[in-house]
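Just below is one structure, and these are the notes that go with it.
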Amino acid sequence: MTLRLYDTAAREVRDFVPLVAGSAGIYVCGLTVQSEPHVGHVRSAVNFDVLRRWLLHSGYDVTFIRNVTDIDDKILTKAADQGRPWFNLAYEMHHRLGEALAAINVMRPTYEPAATGHVPEILDLIRVLIERGYAYPAADGSGDVYFDVRAWPAYGELTRQAVDDMEPAGDADPRGKRDPRDFALWKGRKPSEPETASWPSPYGAGRPGWHIECSAMAGKYLGSAFDIHGGGVDLRFPHHENEQAQSRAAGHGFASYWMHNAWITTAGEKMSKSLGNSLLIPEVLKRVRGIELRFYMVAAHYRSQVEFSFEALDDAAAGFRRIEGFLDRADAATSDVAGAVTPVLCAEFVEALDDDLGTPAAVGAIYDLVREGNKHLAEGNLVAARGAVASVRAMLGVLGLDPADPAWGETGSDARLSAAVDALVRGLLAQRTEARAAKDFARADAIRDQLAAAGVEIEDTPDGPRWSL
RNA sequence: GGUGGGUUGGCCGAGAGGCGAGGCAACGGACUGCAAAUCCGUGUACACGGGUUCAAAUCCCGUACCCACCUCCA
């Protein structure tokens, strides 16, 4: 079975046929770096990271572009409110985003272009659109340049909307527009805006409109036509509709497949409307580990809306610990088993991912193998258990969830800390083992309770006690 | 007004005409000094009303409720 993906433009699942056999070019709309990322923001990154890893595993040579919008109205407004330069805010939030994504093991993109670094490419594209008759400088002297939606007959094709049914665009003063739905490619500088937020152009000083950057950067890094364009559902319109219109009007094939991830909501609502600080990534990571947060996101299908709750997050984390528990115990039990092991991905796992990245079913396949592996352990079948470990780990790896991946690695101080805790706990466990040997169970249980109170759990195994947090 | 998505057991979350994905929780059993972990077992779930069919959570018609987008939101 080959990979099949749901294409938003076609509204159906289609076989994935790359433009160039064996390679895949992907462009994902990243964030506007105007505030600290919350769990909703990073879902998109995780979803497309799974797509990327699955393509890589399937043997594709993947070029993965995820942009950053580092100039827009909100950045300018927020920076002004905070009394600092807009680029200072954008740079800091870009940094925070990087930290958040690293904490949940999202691979770095092949390139991560930013709008402000591509003004020449953007102006070049605008020039072509004007020459071809699909764009025009505003007649009111504002310095704006608009895309002429009436001039491009295919406008609305991505989201199947008729121009006449659309509400007028509100992103610019409509006076200079030929049609209220026309959208800005270039925004002339307003006197209220800082000079640093403008670039010279044939139409006057200004800055790029939102949509044009993606068309320009996708073209630069992936070529005139490429395979997959992704982003959150909210971007279908206007952002992606406009991107496609601009690029195709300029003579480019643009994306073959459109993929959109659904929202994470809270209390049934889109996160941006009711966001408390508790859902910012650093806050969530005080409650669960990054790998557990990632598991929570991967366990849901990317096109399903996820209703965020800490209860559900805790459940997911508990479920993931079951998998980790198996790996830990099996590793300890099979460390002496000789011979190389070739990890095999379960057929159900492969089929699940090939079917529009069916991560829920893929996770189900992992649990099935964990149960099997636990059975092997219980029966002392160590060779089979070791094979299960290798396969479970390989499948987790495809999902970016292998606990042994150095990307999750401890920092130096964490490693020293856990070594110290390990030494202390071992000392107590030795005392407990002595007490148990002497049948002094009251004392043994007291030690166990003492450790439990500190958050350390004890398991007695045939090979002696083990501890975990 | 236009466009798209949704409603599944105590909870989370798949599936898309016929065997109850899976996880968490609960209950029983095995194991254990007691636990924990693990294994085995235990469930008449598909918003509502009609219809099609030998058979519907799944297809059709209708209804209700929820969510998203309609020009600078992942």
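Per chain, numbering begins at 1; letters A, B, ... match sequence-line order. Both backbone and side-chain heavy atoms feed into the values below; hydrogens, waters and symmetry mates do not.
Ring-to-base geometry places A:Phe441 in a stacked arrangement with B:rG33 (centre distance under 5.5 Å, plane angle under 30°).
Within the nucleic acid shown, A:Gly30 comes within 4.0 Å of sugar-phosphate atoms alone, with no base atom in reach, counting heavy atoms only. Using a 4.0 Å heavy-atom criterion, one finds that A:Arg432 contacts the bases of the nucleic acid, with or without backbone contacts as well. If you check every strand for non-hydrogen atoms under 4.0 Å, A:Asp460 touches a base. Counting non-hydrogen atoms under 4.0 angstrom, A:Ile458 reaches a base of the nucleic acid. Using a 4.0 Å heavy-atom cutoff across all strands shown, A:Asp445 reaches at least one base atom of the nucleic acid. As judged by a 4.0 angstrom heavy-atom cut-off over every strand, A:Arg43 is placed among residues making no nucleic acid contact. Across all strands shown, A:Arg371 has heavy atoms under 4.0 Å from sugar-phosphate atoms exclusively, and none from any base. If you check every strand for non-hydrogen atoms under 4.0 Å, A:Lys439 touches nothing. Counting any heavy atom pair closer than 4.0 Å across all strands shown, A:Asn374 reaches sugar-phosphate atoms only and no base atom.
Of the candidate nucleotides B:rU71, B:rA74, B:rA35, B:rA74 has the atom nearest to the side chain of A:Asn261.
A salt bridge (charged side-chain N to carboxylate O under 4.0 Å, His left out) with A:Arg207 is found for exactly one of A:Asp144, A:Asp72, A:Asp73, namely A:Asp73.
OP1 or OP2 of B:rU38 has not a single side-chain nitrogen or oxygen of A:Lys375 nearer than 4.0 Å. Between A:Thr32 and B:rA74, a side-chain N or O to OP1/OP2 separation shorter than 4.0 Å is present. OP1 or OP2 of B:rG4 has not a single side-chain nitrogen or oxygen of A:Thr8 nearer than 4.0 Å. Residue A:Lys177 places no side-chain N or O under 4.0 Å from the OP1 or OP2 atom of B:rU71.
Look at B:rC39: its Watson-Crick or wobble partner, with both distances under 3.5 angstrom, is B:rG29. Look at B:rC34: it lacks any Watson-Crick or wobble partner with both distances under 3.5 angstrom. Nucleotide B:rU3: paired with B:rA68 (Watson-Crick or G-U wobble, both distances less than 3.5 Å). When Watson-Crick and G-U wobble pairs are counted only if both distances are under 3.5 Å, B:rG62 pairs with B:rC48.
The CD-C1' distance, from A:Glu311 to B:rA25, rounds to 10 Å in whole Å.
Nearest heavy atom pair, residue A:Gly232 against residue A:His260, reads O-CD2, 3.4 Å.
Side-chain N/O atoms of A:Ser215 and A:Gln246 include a donor and acceptor closer than 3.5 Å.
The aromatic rings of A:His211 and A:His239 sit tilted relative to each other, their planes meeting at an angle between 30° and 60°.
B:rA56 and B:rG18: their C1' atoms are spaced 10 Å apart (whole Å). If you take atom C1' in B:rG5 and the same atom in B:rC39, they sit 41 Å apart, rounded to whole Å.
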Given salt bridge (Lys or Arg N to Asp or Glu O under 4.0 Å), test A:Asp179 with A:Arg150 step by step and report yes or no. CA-CA 8 Å; A:Asp179 186 287; A:Arg150 296 279 180 190; 2.8 Å; yes

